[in-house]
Amino acid sequence: MTAFSVWAPAAGQAEVEVAGQRYPMSQEDAGTCGGWWTADVPDIAAGIDYGFRLDDGAPLPDPRSLRQPFGVMGLSRTYDHSAFRWTDSTWRGGALHGSVIYELHVGTFTPDGTFDAAVERLDHLRDLGVHAVELMPVAAFPGRHGWGYDGINLWAVHEPYGGPDGLKRFVDACHDRGLAILLDVVYNHVGIGNRLGDFGPYFTEAHVTPWGPAVNLDQPGSDEVRAFLIGNALMWLRDYHLDGLRLDAVHALEDHRALHFLEELATEVQALAALLNRELILIAESDTNDPRLVTSREAGGYGLAAQWSDDFHHAVHAAITGERQGYYCDFGSMGTLAKTYTRVFFHDGIWSAFRGRTHGRQVDVFRVPAHRFLGYLQDHDQVGNRATGDRIAASLSPELLKVGAGLVLTSPYTPMLFMGEEWGADTPWQYFTDHIEPWLATAVAEGRRDEFTRYGWNAADVPDPQDEATFLRSKLDWEQRHREPYLGLHAWYRELIRLRRARPELTDPRLDRVHADFDDDARWLLVRRGRLRIAANLGPAAVQLPLGQRGIGMLAASSHGVAIQQDTLTMPPAAFAVVETKALSPG
């Protein structure tokens with residue numbers, strides 16, 4: 001017998017249709033909310049198609065469907081997690097501290113755009129020196145290709161990527177190469193066209209999001225909704241052997257309960273880690289600049305392992321590109337860069353001109369370790385949400401790209417790279433969709449075009465997300481890395497990552513030991529980290545920087561003309577260097 005169950009508290013009757021045959025379901029009062037329907041069906045094996053009928057309606061996919069071979073609106077298919085043969089029994093997870101993360105999108109990482117094709121590139125990542133791979137969302141979403149943030153069947157793996165077995169083969173291959181694997185999940189909203197609302201109060205009008213109805217985390221019926229999401233997170237970690245999750249836009253998780261959803265999730269994940277004897281991590285994306293996310297639960301925080309730091313990205317990006325539009329208006333000075341390098345957030349309770357208000361909260365640098373914040377030169381948002389999806393390499397010289405990479409990979413934070421960045425890929429990464437509803441495809445395309453034309457872009461220059469050419473343009477060109485200047489940039493990334501592994505000063509988690517000097521007029525930055533000096537010259541003229549101690553070795557230099565003279569470092573424009581000094585500096 002196979003047990004089928006579904007939560008549908010408002011339904012008067014429910015049936016499960018299995019292989020074309022309908023079976024009545026009986027209602028149980030399982031859980032505090034009740035509303036669960038169950039049925040035992042004889043002789044059901046994995047690979048059988050089924051759906052649920054509520055009040056004699058059309059069959060609907062299972063909200064907890066593990067496979068959707070006919071797309072997000074089709075019938076579900078049974079799947080046996082225990083049938084896969086894993087080879088990673090000795091794997092115990094990857095620690096966040098000291099790691100370098102590599103973000104990739106399965107559909108555009110390789111020409112084939114599948115998990116199996118991505119496996120063939122894992123040796124490249126291992127040789128690069130990264131420790132963890134972060135996949136953009138793979139939960140089943142509409143159409144063939146997209147970013148994945150409009151997932152509809154949150155428990156199923158996108159079939160065009162290779163389905164559940166494809167993901168497991170990828171995870172197993174990562175672990176075989178010593179790579180941890182993280183997955184981006186979206187719990188703040190569900191893609192348009194989902195049928196969750198037919199089953200129960202998964203959404204609420206009490207809160208709103210920019211992407212559609214808010215998920216119900218604190219209104220009537222929310223106990224089962226929270227259990228649905230937490231159960232989903234535990235499934236990815238337990239059944240797919242993932243090492244952690246990146247939680248999308250947690251500032252949009254509206255929850256006014258005493259026990260916040262994020263804290264409850266962190267508690268459950270910690271318990272699973274203990275059960276599995278494996279390290280599991282949660283990383284948040286947040287727009288609030290609130291260190292409570294990564295503060296321990298004992299100290300009144302939510303207990304997450306880490307969070308992205310957009311302020312650090314903005315400070316580096318604005319400094320090396322000169323861009324000041326949009327949210328970059330608050331950034332660009334060397335003082336801003338120095339602050340984010342030593343104190344995490346620039347907006348830590350100070351005025352934000354972009355927001356028109358004060359923003360953020362200070363990080364206690366004596367108590368919160370630096371590795372709990374991710375620093376990056378590029379990520380999927382900061383590239384793909386530009387009008388034409390232009391990467392930073394499309395407009396900067398290789399010298400400036402090396403400066404940007406140096407600032408990230410020698411920062412006190414956990415560095416993250418975006419696929420192709422390591423060789424300075426200049427192929428665009430654009431916003432692409434394959435919506436199955438014509439009205440939605442038109443609305444998204446028109447909305448994106450209108451948004452960018454208001455900022456001065458020519459409407460004809462904004463790619464149509466629904467045009468397949470937009471998707472194809474966004475695929476990496478792996479042949480680039482074999483010729484200059486890409487070859488030199490790739491070597492620079494490898495050198496910096498090796499240096500980061502070799503020098504404990506670069507992974508020292510104590511932010512109170514990171515000190516920075518700068519000159520906004522001459523546009524240079526000098527960071528002191530133990531015996532190391534990390535220097536960048538973004539000004540138009542050569543500079544001489546005081547090292548404070550006698551320089552005894554050049555550990556990395558991005559351009560010719562960088563030289564040590566006793567306790568002084570000479571740097572040409574657009575240069576970066578890491579220097580070892582004779583002794584620890586005071587303090």
Side-chain angles (χ1 to χ4, degrees), residues 95-103 128-134 182 244 246 281 283-287 289-291 293-294 304-321 327-328 330-332 334 336-348 360 363 365 368-383 392 400-419 421-422 492-493 496-497 499-501 503 505-516 518 525 527 529 532 534 536 538 556 576 578:
L96 182 66
H97 180 213
S99 68
V100 176
I101 299 173
Y102 188 96
E103 184 189 26
L128 177 63
V130 301
H131 304 77
V133 177
E134 180 180 307
L182 314 173
R246 181 264 192 187
I281 61 175
I283 301 174
E285 179 204 21
S286 175
D287 185 46
N289 284 13
D290 187 353
L293 292 172
V294 297
L304 304 182
Q307 67 180 102
W308 286 23
S309 178
D310 275 349
D311 274 21
F312 180 74
H313 165 271
H314 298 347
V316 175
H317 181 96
I320 65 175
T321 65
Y327 43 67
Y328 295 129
D330 286 319
F331 299 88
M334 303 308 288
T336 300
L337 181 58
K339 182 177 179 181
T340 60
Y341 217 97
T342 57
R343 295 296 183 266
V344 187
F345 300 136
F346 175 64
H347 294 115
D348 56 1
V363 174
V365 299
V368 182
H371 68 265
R372 291 186 182 172
F373 303 92
L374 269 60
Y376 34 90
L377 180 62
Q378 300 179 78
D379 65 30
H380 73 272
D381 272 331
Q382 302 303 335
V383 177
I392 198 169
L400 281 173
L401 291 175
K402 288 182 177 181
V403 175
L407 290 169
V408 169
L409 287 168
T410 61
S411 78
Y413 312 118
T414 298
M416 184 179 71
L417 313 180
F418 182 56
M419 60 178 194
E421 174 190 333
E422 70 273 21
W492 175 244
Y493 270 83
L496 289 174
I497 293 174
L499 180 63
R500 187 175 183 87
R501 283 187 164 186
R503 298 300 302 231
E505 299 98 322
L506 294 179
T507 52
D508 186 338
R510 293 164 292 189
L511 274 168
D512 61 299
R513 295 193 174 191
V514 183
H515 308 281
F518 62 92
L525 175 77
V527 179
R529 303 196 64 189
L532 301 187
I534 300 159
L538 293 171
F576 178 88
V578 181

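Positions are given from 1 along the sequence. What's counted below: heavy atoms across the whole structure, side chains too, no hydrogens, waters or symmetry copies.
Annotation for A338 and F518: closest pair CB-CD2, 3.7 Å, computed over non-hydrogen atoms. Residues P412 and L511 come closest through the heavy atom pair CG-CD2, 3.8 Å. A284 approaches L304 most closely through the heavy-atom pair CB-CD1, 3.6 Å. When all heavy atoms are compared, the tightest approach of V514 to T342 is O-CG2, 3.6 Å. The two residues L96 and A306 come nearest to each other via the heavy atoms CD2-CB, 3.4 Å. For the pair R529 and T507, the tightest heavy-atom approach, listed with the atom from each and the gap, is NH2-N, 4.4 Å.
Distance CG/L506 to CG/D508: 9.5 Å, rounded to 0.5 Å. Distance check: H347 NE2 to D287 CG gives 11.0 Å after rounding to the nearest 0.5 Å. Atom CD of E103 sits about 8.5 Å away from atom CE of M419, to the nearest 0.5 Å. Here the straight-line distance linking atom CD of Q378 with atom CD1 of I392 works out to 5.5 Å at 0.5 Å rounding. In this structure, the separation between CG on L128 and CG on L417 is 6.5 Å, given to the nearest 0.5 Å.
At least one donor-acceptor pair under 3.5 Å links the side chain of R500 to the backbone N or O of S411. T414 places a side-chain N or O within donor-acceptor distance of the main-chain N or O of H371, the cut-off being under 3.5 Å. In this structure, the side chain of R246 does not engage the main chain of I283 through any donor-acceptor pair within 3.5 Å.
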Report the C-alpha distance between W492 and E422 in whole Å, list the side-chain angles of each, state the deciding distance to 0.1 Å, and finish with yes or no for side chain to side chain contact (heavy atoms under 4.5 Å, CB included).
CA-CA 8 Å; W492 175 244; E422 70 273 21; over 6 Å; no
(Q) The test is side chain to side chain contact (heavy atoms under 4.5 Å, CB included); show your working for V344 and Y413 and say whether it passes. (A) CA-CA 8 Å; V344 187; Y413 312 118; 3.7 Å; yes
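Counting heavy atoms from C-beta outward, I101 and S99 have side chains that approach closer than 4.5 Å. Contact of the E285 side chain with the D381 side chain is registered, since non-hydrogen atoms from C-beta on lie closer than 4.5 Å. Using a 4.5 Å heavy-atom threshold, the side chains of T321 and Y328 count as separate. For the pair Q307 and F373, the minimum side-chain heavy-atom distance is below 4.5 Å. L538 places a side-chain heavy atom less than 4.5 Å from the side chain of V403. H97 is listed as a side-chain neighbour of P509, based on a closest heavy-atom distance under 4.5 Å. Side-chain contact between L409 and I497 is present, with heavy atoms from C-beta onward closer than 4.5 Å. Within the 4.5 Å cutoff, no side-chain heavy atoms of K339 are placed close to those of F345.
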Please tabulate, for side-chain N and O atoms in residues 312-320, each donor-acceptor pair with protein atoms closer than 3.5 Å (sequence neighbours left out).
from, atom 1, to, atom 2, distance (Å)
H313, NE2, L377, O, 3.3
H314, ND1, D310, O, 3.2
H317, NE2, E323, OE1, 3.1

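A distance below 6.0 Å separates the ring centres of Y376 and W308.
A donor-acceptor contact closer than 3.5 angstrom is absent between the side chains of D348 and N289. Counting only N and O atoms by type, the side chains of E421 and Y493 include a donor and acceptor under 3.5 Å apart. Between the side chains of Y341 and T410, at least one donor N or O lies within less than 3.5 Å of an accepting N or O.
Between D512 and R510 there is no salt bridge, since none of the side-chain N atoms of the basic residue sits less than 4.0 Å from a carboxylate O of the acidic one.
Residues satisfying the salt bridge (charged side-chain N to carboxylate O under 4.0 Å, His left out) criterion with E505, sequence neighbours excluded, are R503. Every residue two or more places apart in sequence or in another chain was checked for a ring-ring contact (aromatic ring centres under 6.0 Å, His included) with F576, and none qualifies.
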